Amino acid sequence: MSWAAHELESYFLQKHIKLKVSYLAILLGCLLPDLFTKLPVYGWTIGGFTLKAKVPYHYHRGWPGAGFTHSLSFGMIFALVVLAIFKNRAWFVGLLIGQAAHVFTDICDSVGTMVLWPSTTQHYTIGMWAYASQAGRYGDAAAYYSSLGGVWDMFWLVLALIGWKVFTRDFYFDHVVPNDPAWAWLRRKFSLSDRAMVALYRAFFIYGGCRIFAWTLWARLRNPARGVETVDYSWGGPSFVDKVVLRGEGWGTFFQNTAVGIVGSALIISAVWYLLGRRLWFRAS
Amino acid sequence: MPTTVGSVSQDDLRRHDADDDEEVRRARRIEVGVYLFTALALIVLGVFFTSKILNWIIGPAFVVAMVTTITPIALRVAGVRDPDAGTRPSRAVRADEERTA
């Protein structure tokens with residue numbers, strides 16, 4: 001899985017999308033697939049109750065499991081629900097884009113995502129770094145920030161910084177606020193000053209960027225196993241972690257699943273759009 | 001030849017605007033300093049407290065809290081007028097906007 005990339009890509013996307021789109025929706029979309037699935041992946045204990053997936057990768061990315069949250073169809077359904085409730089097109093578009101960005105970003109690890117679910121449960125992956133959530137939060141952090149995962153996060157940080165204008169007050173008040181009534185609502189509800197509004201907008205960038213440096217420093221300086229868990233920038237690394245790799249089905253099955261997935265997903269999304277989405281879209285502002 | 005409007009010359013008005021702009025720029029530079037300090041604090045705290053502070057709720061909330069708390073103090077210490085002072089909507093304005101919304 002990707003770590004800080006999900007926070008940072010939201011700024012990059014909103015800058016380069018020429019449509020009227022909500023930044024908050026892109027951010028929510030970027031976080032959405034992991035929002036309700038991350039806690040059981042690492043394990044969560046409150047009182048005597050522990051919530052932990054037996055097979056983390058299968059729960060997180062597989063089916064049956066919560067892997068459907070990492071598919072394009074889920075993004076479409078969730079965005080339509082939001083469109084039906086809030087009647088806002090900028091939120092619909094933002095959620096679609098943000099969620100799709102998360103789905104495609106997570107293709108980079110060794111487990112990948114079921115992009116075309118429910119038409120196919122085929123996982124798509126380029127295996128750039130090891131999926132290691134079964135090692136727990138700290139094991140995963142050590143593996144991710146010792147591998148190309150950390151480089152991937154840094155790539156998104158640099159991309160966001162190249163488009164630095166997106167963080168200026170002028171950009172925020174001229175482009176971000178007018179596209180999204182949620183900002184005016186937040187201002188009214190919490191009596192926010194201009195400074196607090198801008199800080200809120202920039203917060204996920206600062207947090208995302210700092211997260212890269214803090215976890216990298218932790219992995220290099222404070223990780224108890226830092227002597228063994230060293231930097232490994234090889235493709236699919238790091239080699240010290242017992243990474244999850246899915247069984248390959250062969251190219252024939254892969255192409256067959258992909259063809260079924262593309263046709264099935266196109267049919268499902270078209271049908272949902274024709275029967276429901278179109279009406280909701282025209283009803284919204 | 002300086003033109004005058006009432007008892008204030010336009011040159012004075014222009015100088016006054018330039019001073020205001022410079023003060024706002026100074027305030028913004030101080031604010032950038034606060035952001036950098038916040039980022040540094042978050043990294044240092046993150047190394048020691050890791051997921052207690054580096055999570056989707058506490059991390060961004062820490063940034064907002066630091067910037068909104070420390071910036072006015074830093075501006076006061078530097079003797080710079082706060083350009084964002086008075087931008088919080090009053091209760092009456094909020095109620096009015098609520099009705100309009």
Side-chain angles (χ1 to χ4, degrees), chain A residues 3-4 6-7 27-28 30-32 34-35 38-39 42 44 136-138 140-142 145 164 167-170 173 181-182 184-223, chain B residues 24-25 27-32 34-75 82-101:
Chain A
W3 284 50
H6 295 317
E7 285 103 42
L27 178 68
L28 179 63
C30 285
L31 304 180
L32 187 67
D34 284 344
L35 210 56
K38 212 63 178 285
L39 285 179
Y42 290 136
W44 184 55
R137 189 184 298 276
Y138 289 89
D140 195 12
Y145 285 108
W164 59 272
F167 302 112
T168 60
R169 278 174 174 257
D170 288 346
F173 285 112
W185 179 84
L186 283 169
R187 188 187 187 92
R188 278 198 307 275
K189 192 79 184 163
F190 301 103
S191 184
L192 298 177
S193 66
D194 284 0
R195 174 168 300 123
M197 297 265 285
V198 177
L200 193 61
Y201 166 64
R202 293 169 177 163
F204 269 86
F205 169 71
I206 308 280
Y207 162 65
C210 291
R211 204 177 169 204
I212 300 173
F213 293 103
W215 276 114
T216 303
L217 285 171
W218 176 86
R220 301 280 69 81
L221 304 173
R222 295 202 69 233
N223 178 13
Chain B
V24 170
R25 271 198 292 273
R28 296 290 174 236
R29 280 198 292 271
I30 291 171
E31 198 175 71
V32 170
V34 175
Y35 272 100
L36 291 175
F37 173 73
T38 302
L40 199 64
L42 190 56
I43 291 170
V44 173
L45 290 171
V47 172
F48 291 95
F49 298 103
T50 57
S51 53
K52 285 186 187 69
I53 192 158
L54 296 175
N55 64 63
W56 286 339
I57 296 165
I58 308 292
F62 176 83
V63 174
V64 175
M66 287 284 281
V67 170
T68 51
T69 312
I70 295 180
T71 309
I73 298 169
L75 290 174
D82 185 350
D84 287 329
T87 56
R88 275 178 67 161
S90 67
R91 193 173 291 180
V93 169
R94 281 161 61 195
D96 197 36
E97 284 181 357
E98 197 84 53
R99 269 196 299 276
T100 317

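Bear in mind that the values here come from a model prediction, so they are computed numbers and not experimental data. Within every chain, numbering begins at 1; the chains are lettered A, B, ... in the order of the sequence lines, protein sequences first and strands thereafter.
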Novice: Between atom CG of B:Asn55 and atom CZ of A:Arg211, what is the distance when rounded to the nearest 0.5 Å?
Specialist: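 It is 9.0 Å, given to the nearest 0.5 Å.
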Novice: Any idea which heavy atoms bring B:Ser51 and A:Tyr138 closest together, and the distance?
Specialist: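 In terms of heavy atoms, the two residues are closest at OG-OH, 3.5 Å.
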Novice: Looking at B:Leu40, B:Val64, B:Thr38, B:Leu45, which has the largest count of heavy-atom pairs under 4.5 Å with chain A?
Specialist: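 The answer is B:Val64.
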Novice: Can you find a heavy atom in the side chain of B:Met66 that is under 4.5 Å from one in the side chain of A:Ile206?
Specialist: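 No, side chains not in contact.
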Novice: So which of A:Ser193, A:Ala196, A:Gly208 has the largest heavy-atom pair count under 4.5 angstrom toward chain B?
Specialist: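 The answer is A:Ser193.
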Novice: Let me know if A:Ile212 has heavy atoms under 4.5 Å from chain B in its side chain, its backbone, both or neither.
Specialist: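 Contact with chain B: none, neither part.
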Novice: With A:Arg195 as reference, evaluate B:Thr87, B:Asp82, B:Thr68 under the side-chain hydrogen bond (donor to acceptor under 3.5 Å, both in side chains) test and give the passing residue.
Specialist: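 In the set B:Thr87, B:Asp82, B:Thr68, the residue that makes a side-chain hydrogen bond (donor to acceptor under 3.5 Å, both in side chains) with A:Arg195 is B:Asp82.
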Novice: Which heavy-atom pair separates B:Ala39 from A:Cys210 by the least distance, and what is that distance?
Specialist: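 Between these two residues, the closest heavy atoms are O-SG, 3.4 Å.
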Novice: With a sphere of 6.0 Å drawn around CD1 of B:Ile57, does it hold more than 12 non-hydrogen atoms of other residues, nucleotides or ligands?
Specialist: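 12 or below, so no.
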Novice: Which heavy atom in B:Val67 sits nearest to a heavy atom in A:Ala199, and how many Å separate them?
Specialist: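 Heavy atoms only, the tightest pair is CG1-CB, 4.0 Å.
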Novice: Could you tell me whether the side chain of B:Leu54 reaches within less than 4.5 Å of the side chain of A:Trp218, counting heavy atoms only?
Specialist: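 No - every pair of side-chain heavy atoms lies 4.5 Å or more apart.
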Novice: So do the side chains of B:Ile43 and A:Leu217 get within less than 4.5 Å of each other, counting heavy atoms only?
Specialist: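 Heavy-atom side-chain distance check passes, below 4.5 Å.
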Novice: Can you say whether A:Asn223 sits under 4.5 Å from chain B via the side chain, the backbone, both, or neither, judging by heavy atoms?
Specialist: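 It is neither, since no heavy atom gets under 4.5 Å.
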Novice: Counting only non-hydrogen atoms closer than 4.5 Å, does A:Leu192 touch chain B with its backbone (N, CA, C, O), its side chain (CB onward), both, or neither?
Specialist: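 Looking at A:Leu192, just its backbone touches chain B.
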Novice: For residues B:Val63 and A:Phe205, determine if any side-chain heavy atom of one lies less than 4.5 Å from a side-chain heavy atom of the other.
Specialist: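 When only atoms from C-beta onward are counted, A:Phe205 and B:Val63 do not touch, as no gap falls below 4.5 Å.
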Novice: For A:Leu31, which atoms come within 4.5 Å of any heavy atom of chain B: side chain, backbone, both, or neither?
Specialist: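 Both backbone and side chain.
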Novice: Which heavy atom of A:Tyr207 sits nearest a heavy atom of B:Leu42, and at what distance?
Specialist: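 Looking at all heavy atoms of both residues, the closest pair is CA-CD2, 4.0 Å.
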Novice: Could you look at B:Phe48 and say if it's the side chain, the backbone, both or neither that has a heavy atom under 4.5 Å from chain A?
Specialist: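 Both backbone and side chain.
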